[in-house]
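Notes for the one structure printed next.
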Amino acid sequence: GDLLAVTCLDGTAWFHDPSESGISTAMTGHVAASIGIRWLPEEDELLTASSDGTVRLWATNLRRHQEFEEARVSGWHPEGELLFASDKLEWRLVSAVDGKGVHRGPLGNGPATRVRFDEKGERLAIIDSGADCHFFDLTAEGATPIGLLDGVREVLLIEGGGVVTLHIDGTLLRRTGPNDDSSILL
């Protein structure tokens, strides 16, 4: 579209509409760096995320915002309609349209440090601060746990249900599934 929005380290989100004589509007509300931004499909609403733990939905035509419950933001679902967020004990997928939770689940060892979706958004892998990697199937009603690996630094979900993991000891493994036998890649 013709609209532009940016986030800043001071927590401000700037909205620019060239059709209004190039006027820019500061949208304030975050108290720490704004780290994520996404236009919603209608292009008159903007979703921002901040390292202060908040997510805000801005109605750019009215220059107002709605604040969601406190959440640590970690990533976007591939279709762009869901936002992944976690606090110390729980993760959730939140609708970017209305802020309502779609899926949720527990975290075993603290907040999420990494989140990865497969390319279709049907599987989810979450690494928590204790290096446990939790796997979920998002195609069922609710998010169904499908596996757990410990000692994981990074994870990649690959086509056909496969998983590639980098462990904290530097071992790179390829698996046919989250709990299946593995082969060392390096």
Side-chain angles (χ1 to χ4, degrees), residues 1-105 107 110-129 133-134 136 138-139 142-143 153-159:
D2 296 329
L3 307 175
L4 173 69
V6 296
T7 59
C8 302
L9 292 176
D10 68 359
T12 305
W14 286 88
F15 166 70
H16 179 75
D17 186 349
S19 67
E20 292 184 17
S21 304
I23 296 173
S24 295
T25 303
M27 298 180 289
T28 58
H30 292 301
V31 295
S34 294
I35 57 173
I37 191 166
R38 169 104 26 164
W39 284 105
L40 297 184
E42 297 78 27
E43 286 195 8
D44 62 349
E45 291 185 315
L46 187 66
L47 194 68
T48 59
S50 170
S51 59
D52 66 9
T54 61
V55 177
R56 295 179 186 268
L57 177 65
W58 303 88
T60 56
N61 58 341
L62 301 175
R63 313 301 195 261
R64 63 172 173 74
H65 71 270
Q66 169 189 350
E67 185 173 343
F68 296 108
E69 61 186 283
E70 183 169 332
R72 302 289 174 217
V73 175
S74 298
W76 290 94
H77 186 274
E79 294 177 357
E81 295 176 3
L82 299 175
L83 176 71
F84 176 90
S86 74
D87 58 22
K88 292 180 182 177
L89 301 174
E90 182 180 69
W91 66 268
R92 56 199 164 277
L93 284 176
V94 178
S95 168
V97 177
D98 60 16
K100 294 181 180 173
V102 177
H103 293 293
R104 65 185 330 140
L107 289 170
T113 59
R114 300 254 193 287
V115 60
R116 301 291 184 258
F117 293 93
D118 70 350
E119 63 185 34
K120 295 180 182 177
E122 295 174 349
R123 292 181 301 142
L124 170 66
I126 305 166
I127 302 175
D128 65 28
S129 59
C133 186
H134 308 262
F136 296 90
L138 301 178
T139 60
R153 183 184 314 163
E154 185 58 84
V155 63
L156 175 65
L157 300 174
I158 56 178
E159 213 173 312

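Hydrogens, waters and symmetry mates play no part in the numbers below; they use all other heavy atoms, side chains included.
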request  = May I ask you to check whether H77 and F117 place their ring centres under 6.0 Å from each other?
outcome  = yes

Taking every heavy atom of A125 against every heavy atom of L157, the minimum-distance pair comes out as N-CD1, 3.9 Å

- Query: Going by heavy atoms in the side chains, are H134 and D128 under 4.5 Å from each other?
  - Reply: yes

Contacts of T12 meeting side-chain hydrogen bond (donor to acceptor under 3.5 Å, both in side chains) (sequence neighbours excluded), chain-then-number -> D10

Contacts of E154 meeting side-chain hydrogen bond (donor to acceptor under 3.5 Å, both in side chains) (sequence neighbours excluded), chain-then-number -> R114, R116

Closest heavy-atom pair, E119 versus P78, reported as atoms and distance to 0.1 Å, is O-CB, 3.8 Å

Interatomic distance, CD1@I127 vs CZ@R153, rounded to 0.5 Å, equals 10.0 Å

D118 meets the salt bridge (Lys or Arg N to Asp or Glu O under 4.0 Å) criterion, sequence neighbours left out, with R123

W91 vs L124 side-chain heavy atoms within contact, under 4.5 Å: yes

Rounded to the nearest 0.5 angstrom, the CG-CG distance for L93 and L138 is 6.0 Å

Would F84 and I126 count as a side chain to side chain contact (heavy atoms under 4.5 Å, CB included) here? Give the steps.
CA-CA 10 Å; F84 176 90; I126 305 166; 3.5 Å; yes

